[in-house]
Structure formats: C-alpha cells, structure tokens
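Here is the structure we will look at.
Side-chain atoms are counted along with the backbone in the values below, which use heavy atoms only and exclude waters and symmetry mates. Predicted model, so just to flag it, every value in this text is computed and none were measured. Here is the naming used below: chain letters follow the sequence lines, and residue numbers restart at 1 for every chain.
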Amino acid sequence: MSTDLEDALAECMRPHGAGAVDVEALRTGALARGRTVRRRRTVVGVAALVVVAAVGVVPVLRGDDGEPVAGPGNRVLTLPPADAPGADAAPGSVGTDPGVFHFDVDPTDLDATGATWSIGGGVESVRLWSGRFDHYDHEFQLARDGAALRAVSGSGAAAAQTRAVTVNGRAATARFWPDVTSSNRIPDVPTWSVDWQPVDGLFARVQVFTTDVGAAVAAAEAMLPDRSQRCVTPMRLVGTAVPLRVVACTVDFGHLFPWTLSEVTLERGDGVRYTVGIGHYSPADDERFTPNHSVGGLPAMLTRHEGRPDRPDGVSIRVPVIDGIVLSVRGGYRDTDGRREHVPTTDADILAIADAVRIGPNFDRPHTWPGVTA
Amino acid sequence: MGDTFEEYVTARGAALVRFARVLVGDPHRAEDIVQDALARAYPRWNRIVRVDQPDVYVRRAVVNASRSWWRRRGSHEHPVQRMPDRTAPGDLGDEAVERDALWRQVNRLPHQQRAVLVLRYYEDLDYVTIGRILDCTAVTARTHASRALTTLRQHYGARTPSTSGRQT
C-alpha cells in the first residue's frame, strides 16, 4: 500500500530519468573503455608482479587460499590477525607499534559497511560507517594516555548530559551532545560518547551518533581488547636513501570500494614526515592529471603546494598504478601538537621515496599484504 | 536478454542511464558513470554473468560511482530548508513547484537513503534486491527508506492513501 508521499516521490523522480538515450554510443564507448581497462590491468598487473618478484620483498601469492577477498557483495573486510597479545594481556604495548592494533571490533554487530583503522600518536582507533550518514557512526579509541584521545568530533562545547554507566562491569562515564556538527558539515547530529578503562592503565572512548545511551554502551561493549591485528598495506619501501621509520598507519575498508586505501606516515631522524599511501583517492581532491615525471616506468604528476594553507604537506606526487588505484607521496612536514607545518622539500626528496615503493599485486587480499614495521 | 556484454548493453543500457540520471541528477554525468561502470565490468563479464546478476552488479557500480559525485555536488548546493505550503490539487503549476521542492528534499538526503528511494520508487525494486545492490540486508534497506520517508514527511506532511492529493 503506497502513501501519498510515496506516490509523489515516484512522480517527482520520473521526469529526471526521462529523455532519449543513445544506446549505440553507450555500447561503443563502454566497449572501448572496457578494452582499455582490460589491457591496462594485464600490462600493469604483469609489471607489478615482475617488479615484486624481482625485488623479492613481497611474496607472490596465488590461488584461492581461503583468506578474505575484497569483492562485490562481501561484508566490510577485516585486518589480518597479529602474532601479539591483545590490550588486556599487554596494556603497555598499546599505541607503541604502528603495525599492531591491540583490539578489535566486530563491524557486523554494528551494521558497518566501512571501517577506517588508524594508529598514530599513541592512539589506536577505528571509525565504522554504516551509510546512515555520509560520516562515520562509531569511533573507537584506545590509548595508554587518556589525554591523547581525540575529543568528540565537532562538539566544541560542554556536554548537555553526563551519566555514570558501566561497560562490561567497569565504571564508565557517558556524555551527550544533542547537536554535534560533524566534520562533514552534517548539522545537529546527536552524539553519545562513553569513556572507560577496559584494562587498568588503558583509556578507551567510543563515540556514537545516537540519542540512545544504551546503544552507546552496547557499542563500547563490542570493543574486544583480547585480540590483536596487523596494520597492512599492499606496498613496502625498499632502500630509501635516508632512514625512515613508520610512525602512523591507516587502512580504510568499505565506503566506495571493498578496500579504499592504506597509508603510512614516515619520519626522518630530524622529525620531518612524509605520508605514503596507495588506494582509491577521491577524484574530488584531484587536480587534472598532467604527468611531469616518471616513477617505476609509470607516468607521475609532482605538484608543489607551497603557499597553500590547505596543503601543509608541501609537495605531492601521484602515480596512477592500475584501475583507479593511485600511489601518493606527500611531504615534508612537521607535526606539532596535531598541526602540520610545512618543511621545505625538494622534488628529489619526494621522488626518492616514491621510487622506493614496491607495490604488491593482490589489492583485493589484505591478509596477504606485508605488515607495517617501525 | 543475451549473455554477451554487447547484448546486455543493448537491452539494458537505456534503463541504466535513466536510473543513473535520477540518482545523480545530472544527465551527462549519468551517462559517463554508466559507461564507466560497464567498462569496468567488461573484463570480468563472464564471471559476473556466472556468479552475479549483471543488473545487480552494474547498478551497484553505478550507485558507488555516484556517491563521490553526489557528495561533491552537495557541498556546493544550498537546498531550501522547507517546502512551500501545499496547494490545492489540480493546479498544474503548483504541482510542478511542489514536485520540484520534493525533489530538492530528496537531494538533501544522505546518499544511501537517496539511493534506496531511487531504487524503490523509480526502479520499483523490492528490498531484497535493493539490499543486494547496496550490499546490505533487506531490513537495513527498509530502514534507510523509512528514515528517508520520515525526514521527507517532516516537510511534506504525513498523509495516508485515503487523503491522496491526486484524488478528484
């Protein structure tokens, strides 16, 4: 049974789909582009395999090994387990290794279709997306220093309500903001956050877009501090001219693609940082791709951003690798109290890092990717 | 509908473009999104036909591709906050104004809710199929629709079939 509103919806949509369609042009264009995609996939896929096999840094895995594989219809992908104790058994390890998360959250319990895992600054976190907002619904954070936890996104004011609750039997504090404006400019999102210590010496915070404090507590109880996982990327750096250590790692699953991107932050001995990422970078952030360099035989675009306050990373290079996947290197900058300050960087600095990246072929199998090590 | 890629595009291409036009709200971009979705499907077409329904696969690709476009567009537009007061049925000019206002409200919805509404009320699909396209359960798809309708009703006013404005 339809309502007047439902009838009106169908009516208001109909004219926007109307009009002639040139099916022949669509068919010809799709075939031409499809053949290009197939050719690029074959050529670059073979090239990636040759590079990886020659350098020998990433094992070339083949066959169906039963590991989670990204693909249409699959649920949000998971990280591979780490050979390390969880936060409950090793609380002192939390936030110390950019390659290991010391907790897990089952995204299916929270109806998540996307997950952004991050380690950096002593905080391990995951943001879960369900698609209800164009923004994450849940954010879990875990750290040894409670002051390192990020404040509730966009709150900017004292909580309207504070309640004492319990999370898995441990005392917790729930706080409510009725009208948080999210970082994606979605206004008036009601938010509960819950702060507790899942283990003595550790601080956890979960932020949930909900008006239901019970839902926030239930989410907090979905944190699993008895597990550990690896932060992984389908790339590795080999033989950089200057020693670099990994200080942060991010893996983004879901949203537009089963795997969206992986990024690591590298730091030189003098504190200058670079971000190296690979994945489906948003076309919204794209400048028109005009190759002006070459990296590993592939066309690359190096851009200098000096003088742009919105781009404190200074210099960036983008290398389209295959099928919409882009290698990105940005830097250098210093991170001071969470603020990035640009550090003068030469083209050669950025190119040297990009040239040192070795890309693995199995973009759809995170459980086959190498782990990140500091 | 045949199993070859060319036969599929010939049979379903027009419908896919119309669906994308409603989803994206930009006819030129819609054709580009559909062409790109089909191009990406082309190298794996045999597998898609074998293990997936091509319509589900391609619509899913179109929805995913439309998301970034829609979000970019949404950041530049400032849709009306409320719909104009509803007018008496039968006035074609007022009905067109009302339809446009409802369309703008649909554009304000989060992408997933908007996608569900287009699949449900333009494509006339059931929630099981919508769930397969959006990679969620039928219950979740229905929940998206329910939330979207609740939002729209705040502007449109709750109505029942017996009070349809199109009755004479």
Legend entry - Side chain / backbone / both / neither for B:Thr10 at chain A, heavy atoms under 4.5 Å: both
Inset, instruction - Please name all residues satisfying ring pair (Phe, Tyr, Trp, His ring centres under 6.0 Å) with B:Tyr122, sequence neighbours left out, ordered by chain then number. - result: none
Legend entry - Partners passing ring pair (Phe, Tyr, Trp, His ring centres under 6.0 Å) against A:Trp117 (at least two apart in sequence or in another chain): A:Phe101, A:Phe103
Legend entry - Closest-packed option against chain A by number of heavy-atom pairs under 4.5 Å, given B:Val34, B:Leu117, B:Leu134, B:Ile133: B:Leu117
Inset, instruction - Identify which of B:Asp124, B:Leu16, B:Val17 forms the greatest number of heavy-atom pairs closer than 4.5 Å to chain A. - result: B:Val17
Legend entry - B:Trp45 side chain near B:Pro54 side chain, heavy-atom distance below 4.5 Å: yes
Legend entry - B:Tyr8 and B:Asp55 side chains, donor-acceptor separation under 3.5 Å: yes
